[in-house]
Amino acid sequence: MLMNLRKYYRPRSLEAAVQLLSANPARCLVLAGGTYLVPSGRRDVEELVDISALKLKVMKQDAAVIRIGATVALETIIDNPRMRKFAGGIMRDACRANSASRMIRNQRTLGGEICSPLIFSDVAPVLSVLDSRVKFVNFSMEEKELPIAEFWVNLDRHRSKKEPQGYFSGLITEVSIPLLPKTSSAAFERIAQIPSQPSLLSAAAVIHWGEGGVCSEARVALGSYRGRADRLAAVEDALKGKALTRESIEAACGTNWTSLSPVSDNRASEAYRSAAAPSLVRRTLERCLKGK
Amino acid sequence: MELNFTLNGRRRSFDVAANTTLLSLLRNEAGCLSVKHGCETGECGACCILLDGKVVNSCILLAAQVDEREVFTLEGFPGWVDYLKRLNVGTDEPAKVSAGPSAFQNPEAFATDQNPAEYDRLHPIQQAFVDTHAIQCGFCTPGMVLSVLALFIGRGLIDWPALNPKRKFRMAMVPPKKKPFPPPTLDEIRDALAGNLCRCTGYVKPIEAAVEAAKRFVESK
Ligand code: FES
Ligand code: FES
């Protein structure tokens, strides 16, 4: 329970929401689904700005991008027929892996998941390999858009400095995901004790196929490893320009991992993550190969 | 702060503190005791309710978040609506009947001017839980029943009604007129119930109950 919560607002316009947030930045937070915030019991929260009335629940597709509003629930993404097909359904699989409970997925929003204080999320590596971008407005009402990795760097910088919001000074409005060319395949894999448990480790990959089945671009990311999403540049470079086979995948996964030392936590030890990650990445890439 | 929302087809107003959760409002002010107080962290699903036709955990929702929205609990099934009306739950007026341990043990509370046949009948989903022995202590059952109800609404087996309370009253009993979609698969049922923890049954029976209820809905066509 949020013991010190005194005020709750549900503004109808973005301007009003930003005004409320900037008036008391140290004590006033954004409330999206509330699945992390409400049970967190945070005592520093005195005011909440519920953004559910801001018309950010829209999902649409233009010529080259899928746009997902910040307050679109994870279950809405799962149920969306377009997302079911897009990129081999990896976005849908990641949203489902996020929580086994449909109740939570009905409440939890994509914007909230991106800003969540928990750095381990199955959605993060998928958004990373899909080259997503995050649109947000800052406290001066300037609209900005950043690649998701850069957005997270900003978010963590603000958080570590204990700047206003505890998160960052702004409000996410939209996540955009570029459409993939037809000559590409994508996969998402995870390891968990049982399917309904949170992931110990997750991996996502997108492969673009060039002439003669050669990999023209590879994007590979790990989740729940060191942070939200660790792009594996060495693996990506090792795959680029190669004809993808089980052997070339095996060789790419055998590249030097020592610079990436994972965290230890109550879900899995550092040793476990180090041992499991190369196999998981190999499995993910082999799934891409099957989906070619 | 003042709050107005539709609870089980009836417009209700409450005065709540900003940090009141929907769970405590429903149990302590609105008399909806089918909504169980379990973990309070969104893990167990005992506090499950339907918000605008979708299942959510009421323990991690602030009451303020449902302002001007539609909440449905097990009490919204036929019989309970009228029973609660007669108890005057949530108002200052004296109760017209006494609250028994269970409405079903208090049959005179069900003698109404509306169709009495509706009141001695459980909802088909509830009946399927009884028939398949899917209830042991029963603590998780209201949440499970609502999860199955939401699944059926999502599959078009049951109509989620417009705001009209008369329609809503019938909503829970009557499959929609249009041709129903095929019944949910076992995987879909498992997924729908995955958020409801049960410490007694081992899940096999509740899943059987959902399969049985879906079968009855489809056959009733
Ligand atoms: S009491 Fe709400 S999920 Fe357990
Ligand atoms: S029947 Fe006892 S918790 Fe499910």
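Letters A, B, ... are given to chains in the order of the sequence lines, protein chains preceding strands, and every chain is numbered from 1. Heavy atoms only: backbone and side chains are in, while hydrogens, waters and symmetry mates are out.
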With a 4.5 angstrom heavy-atom cut-off, is it the side chain or the backbone of T35(A) that approaches chain B, or both, or neither? both

Pick one of side chain, backbone, both or neither for E43(B), based on which atoms fall under 4.5 Å of a heavy atom in chain A. neither

May I ask you to decide whether K205(B) forms a salt bridge with D131(B), counting only side-chain N to carboxylate O separations under 4.0 Å? no

Which is it for L171(A) and F136(A) under the side-chain contact (heavy atoms from CB on, under 4.5 Å) test, yes or no, and what are the steps along the way? CA-CA 5 Å; L171(A) 185 58; F136(A) 60 97; 5.9 Å; no

Options M3(A), M1(A), R10(A), ranked by heavy-atom pairs under 4.5 Å with chain B, top entry: R10(A)

Assess whether a salt bridge exists between R216(B) and E212(B), defined as any Lys/Arg side-chain N lying under 4.0 Å from an Asp/Glu carboxylate O. yes

For Y272(A), does the six-membered ring have the charged nitrogen or CZ of R267(A) within the cation-pi criterion, i.e. under 6.0 angstrom from the centroid and within 45° of the normal? no

Under a 4.5 Å heavy-atom cut-off, does chain B meet the side chain of R6(A), its backbone, both or neither? backbone

Looking at T21(B), D67(B), T41(B), which makes the most heavy-atom pairs under 4.5 Å with chain A? D67(B)

Is it the case that N8(B) and E75(B) place a side-chain donor and acceptor less than 3.5 Å from each other? no

Donor-acceptor side-chain pairing of Q136(B) and T201(B) below 3.5 angstrom: no

Options C59(B), G195(B), A17(B), ranked by heavy-atom pairs under 4.5 Å with chain A, top entry: G195(B)

Specify which of A64(B), A150(B), S147(B) makes the most heavy-atom pairs with chain A at under 4.5 Å. A64(B)

